[in-house]
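The structure under discussion appears below in the form of structure tokens.
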Amino acid sequence: DQFPREKIRSWLDNPQTSPSRLGLYGLMLGLCGTPDDAAYLEKRLLQPVEGFRLGIDGMMGGYLLLAADKGLTVLEDAKLKNKSVPFSETYATMQALRFMWQYGDGKIGKDRLRQSMRILLDRPELADLVIVDLARWQDWSVIDRLVELFEKAEADNIFVREPVVNYLRACPLPAAAAAMTTTPATARRSSTGRMSGLVRFDNSAKSGLSRTNGRDAGSIFTPSQPRLTEPPVRSWLTTSFTVFEGMAKAMPTLPPDGL
């Protein structure tokens with residue numbers, strides 16, 4: 001049965017609507033809406049924002065279902081290429097890309113989604129997650145770029161090295177195998193006085209890249225400060241969709257006693 005489009009719009013417009021439901025309502029509107037609803041969601045998504053907006057990834061997913069490639073271009077310019085927007089907005093867009101890849105039913109082509117995801121390689125705080133997605137999506141066009149990320153990694157983004165190695169191992173192209181066994185000049189990394197070290201490359205099967213993944217002593221470092229990732233529930237959009245489709249049942253969770 002068709003969703004009550006007008007009622008969903010009224011829920012989204014109602015300031016009394018719980019923010020936790022906005023994402024689900026935005027996704028529902030994307031499944032039953034019209035071009036006018038796409039314009040409505042676009043206006044909501046492009047509103048100036050300073051902090052975290054709960055459910056914004058669901059609204060982005062609904063928007064992309066309606067606006068397809070045109071909407072993706074809008075989000076690229078506003079949320080992916082624009083580094084002044086809050087991290088949570090960029091991360092929500094990344095979640096929407098994942099949603100469209102898995103549930104978009106071809107409304108946006110696979111190559112187009114890969115193209116958008118590659119933009120986020122310029123965001124150090126997200127690059128390690130992006131690399132995993134590109135490998136899952138079999139995008140093998142960024143080998144040289146990832147090797148460069150590996151070699152230039154510093155203390156604040158050293159965590160990018162392991163997904164680079166895993167990407168190269170998964171890639172079937174000869175260029176990836178060559179990158180794993182190449183012998184560039186010794187790559188030296190230094191950061192704060194508390195943390196410095198050396199990553200070596202050699203001709204053996206366990207090159208510097210391989211040894212980093214193997215966690216040999218002295219070959220891998222951790223950031224001096226933990227990385228903050230928002231929103232805390234990374235699977236929110238997928239969970240909402242599976243609940244909506246009847247494939248999962250949402251279970252309420254109460255806080256521990258004393259909180």
Quick one: pull up [atom1] in [X] and [atom2] in [Y] and give me the separation to the nearest 0.5 Å.
X    : Y    : atom1 : atom2 : result
K79  : E89  : NZ    : CD    : 4.0 Å
Q102 : R136 : CD    : CZ    : 10.0 Å
L97  : M117 : CG    : CE    : 4.5 Å
L126 : L121 : CG    : CG    : 10.0 Å
L64  : L27  : CG    : CG    : 11.0 Å
I108 : S116 : CD1   : OG    : 7.5 Å

Could you tell me whether the side chain of [Y] reaches within less than 4.5 Å of the side chain of [X], counting heavy atoms only?
X    : Y    : value
L146 : L168 : no
D133 : L120 : no
F150 : V160 : no
T17  : L22  : yes
L149 : R161 : no
C32  : I8   : yes
E125 : T90  : no
Y167 : I143 : yes

Looking only at the side chains, is there a donor atom on one of [X] and [Y] sitting less than 3.5 Å from an acceptor on the other?
X    : Y   : value
D36  : T34 : no
D13  : Y40 : yes
R112 : T73 : yes

Practice problem: Apply the test side-chain contact (heavy atoms from CB on, under 4.5 Å) to residues L29 and L41: give CA-CA distance (whole Å), side-chain angles for both, the deciding distance (0.1 Å), then the verdict. | Solution: CA-CA 9 Å; L29 188 61; L41 288 172; 4.1 Å; yes

Single-linkage hydrophobic cluster [X]~[Y], side-chain heavy atoms < 4.5 angstrom:
X    : Y    : answer
V132 : L113 : no
I56  : V49  : no
M59  : L46  : yes
L134 : L173 : yes
M60  : V85  : no

Self-check item: Residues in salt bridge (Lys or Arg N to Asp or Glu O under 4.0 Å) contact with K107, at least two apart in sequence or another chain
Solution: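 Expected list: none.
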
Quiz prompt | Basic-acidic side-chain contact under 4.0 Å: D122, R145 | solution = yes

Exercise. State whether R98 and D57 are salt-bridged, where the test is any N-O pair (Lys NZ or Arg NE/NH1/NH2 against Asp/Glu carboxylate O) under 4.0 Å.
Key: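 No, R98 and D57 are not salt-bridged.
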
Quiz item: So does N14 have more than 12 non-hydrogen atoms from other groups sitting under 6.0 Å from CG?
Solution: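 Check passes, neighbour count above 12.
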
Quiz prompt | Atom CD of E50 with >12 non-hydrogen neighbours under 6.0 angstrom | solution =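 Not buried by this count: 12 neighbours or fewer within 6.0 Å.
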
Of all heavy-atom pairs between [X] and [Y], which one has the smallest distance, and what is that distance?
X    : Y   : value
G104 : L65 : CA-CD2, 4.3 Å
A96  : G61 : CB-N, 4.1 Å
R53  : L45 : NH2-O, 3.0 Å

Exercise. Would you check, one step at a time, whether the test side-chain contact (heavy atoms from CB on, under 4.5 Å) holds for Q138 with C171?
Key: CA-CA 8 Å; Q138 298 184 358; C171 179; over 6 Å; no

Quiz item: Excluding sequence neighbours, so at least two apart, what forms side-chain contact (heavy atoms from CB on, under 4.5 Å) with S10?
Solution: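 Listed in chain order: K7.
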
Quiz item: Under 3.5 Å, side chain of R44 to main-chain N/O of L12, donor-acceptor pair present?
Solution: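 At least one qualifying donor-acceptor pair exists.
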
Self-check item: Worked verdict on R5 versus M28 for side-chain contact (heavy atoms from CB on, under 4.5 Å)
Solution: CA-CA 8 Å; R5 170 183 164 273; M28 291 172 65; over 6 Å; no

Quiz prompt | Pi-cation contact, W101 with K110 (under 6.0 Å, within 45°) | solution =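 Yes - K110 lies over the ring of W101, closer than 6.0 Å to its centre and within 45° of its axis.
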
